[in-house]
Structures are given as structure tokens and as C-alpha cells.
Amino acid sequence: MFNPVIDVHHHIISKEMQRKQRELGMEIPSFMPKWTPEIGMQKMDVCDISFSFLSAPSDLTFIDQSSANALARKMNEELASYAQLP
């Protein structure tokens with residue numbers, strides 16, 4: 001019997017978020033874990049997690065609303081591209 005374990009709160013720091021933070025001169029704290037799709041899959045395997053829902057760990061209040069909307073769209077597109085992974 002298959003009893004999947006689902007991670008409903010799998011944080012990532014997207015490439016788009018990192019790019020915007022660098023553009024604004026913001027430093028990503030050293031305590032933030034590194035994340036790539038491969039690292040995420042490895043951590044899922046170690047914890048026997050079958051599925052993960054990806055989410056961004058930060059709000060976008062550090063930029064104006066128009067820029068936040070554009071960044072959110074880019075982040076969503078990036079997250080959607082990861083859904084194609086095996």
C-alpha cells in the first residue's frame with residue numbers, strides 16, 4: 001500500500017528572488033540553506049517524502065507593488081518549471 005508523505009511547506013530561495021536581492025544590494029543571510037532542484041530532491045529522498053509544494057520563504061514588501069507583482073510572476077514561472085522534474 002502506497003502512503004505518500006507530502007511536504008506542504010517546502011521553502012526555496014528562487015533564482016529570481018536572489019537576482020532581485022543582488023540587484024538591490026541585499027545580502028542573502030548565510031544561515032539560509034542553499035537550494036537547487038537536485039538538493040531539494042535529495043532532501044526529499046532522505047526524509048522519504050513523495051511530493052513537495054514549493055513556496056517562497058519571504059514576502060516582497062522590500063520593493064514597490066508593481067515590481068513585486070512582476071517578481072512574483074517570474075518566481076511562479078520558475079517554480080512551475082520545477083514541477084517537470086521526475
Side-chain angles (χ1 to χ4, degrees):
M1 182 168 160
F2 179 61
N3 293 312
V5 175
I6 301 171
D7 177 356
V8 297
H9 202 79
H10 190 108
H11 278 171
I12 75 160
I13 305 230
S14 70
K15 293 176 187 174
E16 288 296 330
M17 173 73 89
Q18 292 177 52
R19 183 192 60 73
K20 188 60 160 180
Q21 289 174 322
R22 279 192 304 273
E23 177 185 309
L24 296 173
M26 299 173 69
E27 187 172 322
I28 298 171
S30 61
F31 62 82
M32 294 298 290
K34 303 290 184 237
W35 190 92
T36 65
E38 295 77 21
I39 290 171
M41 297 295 282
Q42 289 170 355
K43 290 184 183 294
M44 287 173 62
D45 287 343
V46 166
C47 297
D48 201 26
I49 295 171
S50 305
F51 304 96
S52 287
F53 292 95
L54 303 180
S55 62
S58 175
D59 62 35
L60 302 177
T61 57
F62 63 91
I63 52 180
D64 64 82
Q65 189 63 55
S66 177
S67 297
N69 292 348
L71 179 56
R73 167 57 57 202
K74 289 179 181 177
M75 289 169 59
N76 284 338
E77 290 170 354
E78 180 183 340
L79 292 174
S81 75
Y82 299 141
Q84 305 306 312
L85 294 176

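In this text, all values refer to a predicted model and were calculated from it rather than measured experimentally.
- Ionic pairing of K74 and E77 is not present here: no N-O contact between side-chain nitrogen and carboxylate oxygen is shorter than 4.0 angstrom.
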All N/O donor-acceptor pairs, side-chain side in residues 8-16, below 3.5 Å, sequence neighbours left out:
residue: H9; atom: NE2; partner: H11; partner atom: NE2; Å: 3.1
residue: H10; atom: ND1; partner: D7; partner atom: OD2; Å: 3.1
residue: H10; atom: ND1; partner: S52; partner atom: OG; Å: 3.3
residue: H10; atom: NE2; partner: W35; partner atom: NE1; Å: 3.1
residue: S14; atom: OG; partner: M17; partner atom: N; Å: 3.0
residue: E16; atom: OE1; partner: R19; partner atom: NE; Å: 3.2
residue: E16; atom: OE1; partner: R19; partner atom: NH2; Å: 3.3

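- Among residues two or more places apart in sequence or in another chain, the side-chain hydrogen bond (donor to acceptor under 3.5 Å, both in side chains) test is passed with S50 by none.
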Item to check | I49 vs I6, side chain to side chain contact (heavy atoms under 4.5 Å, CB included): CA-CA, chis, key distance, verdict | outcome: CA-CA 6 Å; I49 295 171; I6 301 171; over 6 Å; no
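- Listed by first and then second residue, the ring-ring contact (aromatic ring centres under 6.0 Å, His included) pairs involving residues 36-57 amount to none (not counting sequence neighbours).
- More than 12 heavy atoms of other shown residues, nucleotides or ligands fall within 6.0 angstrom of atom CD in E23.
- With sequence neighbours excluded, the residues forming a side-chain hydrogen bond (donor to acceptor under 3.5 Å, both in side chains) with E78 are Y82, listed by chain and number.
- A search for side-chain hydrogen bond (donor to acceptor under 3.5 Å, both in side chains) contacts involving S67 returns D64, not counting sequence neighbours.
- A search for side-chain hydrogen bond (donor to acceptor under 3.5 Å, both in side chains) contacts involving S66 returns nothing, not counting sequence neighbours.
- No continuous path of ILVMFWY side-chain contacts below 4.5 Å connects V46 to L54, so the two sit in separate hydrophobic clusters.
- With sequence neighbours left out, N69 forms a side-chain contact (heavy atoms from CB on, under 4.5 Å) with Q65.
- Residues A68 and L60 share a closest heavy-atom pair of O-CD1, 3.4 Å.
- When side chains are defined from C-beta on, I39 counts as touching K43, because their heavy atoms get closer than 4.5 Å.
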